[in-house]
There are 2 protein chains.
Amino acid sequence: MAEQAQYEELIRQFSAFGAVKREMGRLLPSGCPSGAAAVLTILDRHGDMRLSKLAELLAVDMSVTSRQVAHVVDRGWIERCPDPVDKRSRILRLTPAGREQMDELTRRTTRMLAERLSDWRDDEIAELTRLMARLRASFDDCRSTPTTPTTPTRPPTEPALEQSTRRPATPAITT
Amino acid sequence: MAEQAQYEELIRQFSAFGAVKREMGRLLPSGCPSGAAAVLTILDRHGDMRLSKLAELLAVDMSVTSRQVAHVVDRGWIERCPDPVDKRSRILRLTPAGREQMDELTRRTTRMLAERLSDWRDDEIAELTRLMARLRASFDDCRSTPTTPTTPTRPPTEPALEQSTRRPATPAITT
DNA sequence: TATTGTTATACTCTATAACTATA
DNA sequence: TATAGTTATAGAGTATAACAATA
């Protein structure tokens, strides 16, 4: 159990992180705002899924996700396929153009990080990554939201926890 | 120098942090949106300053800060005092009511953190805090972006910018 | 009746540009 | 002329509520 002052200091860092987030947001390609980037990253990371699942992973209301998805569909980066088991919903899937866009996002963001964190050691970066993942998980666990199964067609390198009832700890890009 | 994959994973965690931020945002008192909270937090942390300095610390455009400050002034949480050495600018200062609001913010956020991070060890929280502070510093250092040719590159320990602003005790950028 | 998703409305955050007052 | 700040405008993120179609 930590001290009050320790929490206060951590909160200040949370607030300060907003500046980092804004810096990252400034290098997004035009036509691909942060919401679109987040959608692409989650689909790339976790595979095809329905809108409700995507909203859950983003931790935003479904109405928000609905409009963001519509935007990304307009750009041709994802497509909405019929859900064979539930005619109310559709399955969201990255298109080849969406993967290209995703690759461009990755190029830009990793280049910026490589520049900004050039004096960080590998293990420091790994530790920050680990702790932020755990942070997200700690916040995630307190939300109780039942979910329907999805079809993670492309579980990436990390040992993703790709079942349905609990949320994985790693979604999207920048913001 | 880190691997590409390591940067990619870190970026995913940055994005995932958006969910944490949104969760925290949901417990803000009504009438105190995140922008106002950020203004209060910085003034509480770094002491009185002028608008341009505040905008710099927030890493947003001065026009943004101007409106957020106006909002906070309307609520009576900060006041704008005349700057004795430059009639164009005013010095921003927390009012007693502002400190109370800041205390309420601290109460709410620390309570949430204590709840969510109940199974974290002290040293883990401290390490996350330290790494996030360093992250912010790493981004701060190279803020001479191509879009702002007029911006003088910030010297490591900011000098002559504060002669009119009654410099606070705390260094500007947390380290 | 409950759930999935969409749309309408409102509010906030953010940047750019035009403007003023002062330096 | 240059700088500090304000205001207008526009675009994006977000939540709530009302709604449609399906379960």
Side-chain angles (χ1 to χ4, degrees), chain A residues 15 18-19 21-39 49-56 58-75 80 82-92 145-148 150 172 174-175, chain B residues 15 18-19 21-28 30-39 49-56 58-74 80-92 145 147-152 160-165:
Chain A
S15 180
K21 182 193 62 123
R22 284 186 286 271
E23 284 289 322
M24 302 285 297
R26 289 188 188 101
L27 55 74
L28 289 174
S30 86
C32 185
S34 71
V39 167
M49 66 185 70
R50 42 204 315 196
L51 185 71
S52 52
K53 178 71 175 176
L54 180 58
E56 183 191 339
L58 290 168
V60 296
D61 192 85
M62 203 166 29
S63 65
V64 175
T65 311
S66 180
R67 277 197 314 117
Q68 284 170 338
V69 160
H71 179 274
V72 176
V73 167
D74 287 346
R75 296 286 185 294
R80 294 186 260 211
D83 185 334
V85 309
D86 190 339
K87 289 205 176 76
R88 293 173 303 179
S89 87
R90 285 175 289 183
I91 304 298
L92 309 175
T145 319
T147 323
T148 23
T150 59
T174 56
T175 56
Chain B
S15 181
K21 185 193 57 125
R22 285 186 285 272
E23 285 286 324
M24 302 283 297
R26 289 187 189 104
L27 56 75
L28 289 175
S30 86
C32 185
S34 71
V39 167
M49 66 186 71
R50 42 208 309 196
L51 185 72
S52 52
K53 179 71 176 175
L54 179 59
E56 182 191 341
L58 289 168
V60 297
D61 192 85
M62 204 167 28
S63 64
V64 176
T65 310
S66 180
R67 277 198 315 113
Q68 283 170 339
V69 161
H71 179 273
V72 176
V73 167
D74 287 346
R80 294 185 262 210
C81 315
D83 185 334
V85 309
D86 189 340
K87 290 205 176 73
R88 294 172 303 179
S89 89
R90 285 176 289 183
I91 304 302
L92 309 176
T145 38
T147 51
T148 54
T150 55
T151 303
L161 193 52
E162 72 280 13
Q163 79 285 40
S164 63
T165 60

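Proteins get letters first, then strands, A, B, ... in listed order; numbering begins at 1 in each.
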Asks: Using a heavy-atom cut-off of 4.0 Å across all strands, would you classify A:S89 as base, sugar-phosphate, or nothing?
Replies: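 Sugar-phosphate contact only - A:S89 comes under 4.0 Å of backbone atoms but never of a base.
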Asks: Could you tell me whether the side chain of A:I91 reaches within less than 4.5 Å of the side chain of A:M49, counting heavy atoms only?
Replies: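 Result no, sub-4.5 Å side-chain heavy-atom pair not found.
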Asks: Quick check: on DNA chain D, is the nucleotide nearest A:D86 upstream (toward 5') of the one nearest A:Q68, or the reverse? Name the residue that is more 5'.
Replies: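 In this pair, the answer is A:Q68.
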Asks: If you assign each of A:T65 and A:G18 to its closest nucleotide in DNA chain C, which residue comes earlier from the 5' end?
Replies: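 That would be A:T65.
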Asks: Scan A:R67 against the nucleic acid and name what it touches under 4.0 Å (heavy atoms): base, sugar-phosphate only, or nothing.
Replies: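 Touches a base.
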Asks: Any base atoms under 4.0 Å from A:V60, or only sugar-phosphate, or nothing? Heavy atoms, all strands.
Replies: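 Since only primed, P, OP1 and OP2 atoms lie under 4.0 Å of A:V60, the category is sugar-phosphate.
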Asks: Determine, stepwise, if the pair A:R90 / A:L51 fulfils side chain to side chain contact (heavy atoms under 4.5 Å, CB included).
Replies: CA-CA 7 Å; A:R90 285 175 289 183; A:L51 185 71; over 6 Å; no
Asks: Does B:S52 place a side-chain N or O at less than 4.0 Å from the phosphate oxygens OP1/OP2 of D:dG5?
Replies: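 So the side chain of B:S52 is within the cut-off, an N or O lying under 4.0 Å from OP1 or OP2 of D:dG5.
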Asks: Heavy atoms only, 4.0 Å cut-off, all strands: where does A:S63 land among base, sugar-phosphate and nothing?
Replies: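 Answer is base: heavy atoms of A:S63 come under 4.0 Å of a base.
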Asks: Looking only at heavy atoms, which two atoms of B:A37 and B:C32 are closest? And how far apart?
Replies: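 Where B:A37 meets B:C32 most closely, the heavy atoms are N-SG, 4.0 Å.
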Asks: Rounded to whole Å, how long is the line connecting atom CD1 of A:I91 with atom C1' of C:dT4?
Replies: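 The distance from CD1 of A:I91 to C1' of C:dT4 comes to 12 Å, rounded to the nearest Å.
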Asks: Under 3.5 Å, is there a donor-acceptor pair between the A:H71 and A:R67 side chains?
Replies: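 Judged by distance alone, the side chains do not pair up.
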Asks: Using whole Å, report how far CE of A:M24 lies from C1' of C:dA15.
Replies: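 To the nearest whole Å, that distance equals 19 Å.
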Asks: Within this structure, what is the CD-to-P distance between B:E56 and D:dG5, rounded to whole angstrom?
Replies: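 The distance from CD of B:E56 to P of D:dG5 comes to 12 Å, rounded to the nearest Å.
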Asks: Taking the side chain of B:K87 as its heavy atoms from C-beta onward, which of C:dT22, D:dT14, C:dG5 lies nearest to it?
Replies: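 Closest of the options to the side chain of B:K87: C:dT22.
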Asks: Report the residue (A:R80 or A:R88) whose heavy-atom-nearest nucleotide on DNA chain C is the more 5′ of the two.
Replies: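 Its nearest nucleotide lies further toward 5', so the answer is A:R88.
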Asks: Charged N to carboxylate O below 4.0 Å: is that the case for B:R88 and B:D83?
Replies: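 Answer for the salt bridge query: no.
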Asks: Start at the 5' end of DNA chain D and walk down; is the nucleotide closest to A:P33 or to A:V85 reached first?
Replies: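 Its nearest nucleotide lies further toward 5', so the answer is A:P33.
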Asks: Does C:dT6 have OP1 or OP2 under 4.0 Å away from a side-chain N or O of A:R90?
Replies: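 True: A:R90 side-chain N/O within range (under 4.0 Å) of C:dT6 OP1/OP2.
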Asks: CE of A:M62 versus P of D:dA17: gap in Å, rounded?
Replies: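 Taking atom P of D:dA17 as the reference, CE of A:M62 is at 15 Å.
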Asks: How close or far is atom C1' of D:dT16 from atom CZ of B:R26, stated in whole angstroms?
Replies: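 That distance rounds to 13 Å.
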Asks: C:dT14 C1' sits how many Å from B:H71 NE2, rounded?
Replies: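 To the nearest whole Å, that distance equals 16 Å.
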Asks: Provide, to the nearest angstrom, the distance between the CG atom belonging to A:D83 and the P atom belonging to D:dA21.
Replies: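 In whole Å, D:dA21 P lies 18 Å from A:D83 CG.
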Asks: Among the candidates C:dA17, C:dT6, D:dT14, find the nucleotide nearest to the side-chain atoms of A:L51.
Replies: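 Side chain of A:L51 sits closest to C:dT6.
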Asks: Can you check the A:M49 CE to C:dT4 P distance for me, whole Å?
Replies: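 For the pair A:M49 CE and C:dT4 P, the rounded distance is 15 Å.
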Asks: Between OG of A:S34 and NZ of A:K21, what distance do you get to the nearest 0.5 Å?
Replies: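 Separation between the atoms: 7.0 Å.
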Asks: Of the nucleotides D:dT6, C:dT14, C:dT7, which has the atom closest to the A:S66 side chain?
Replies: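 Within the option list, the nearest is C:dT7.
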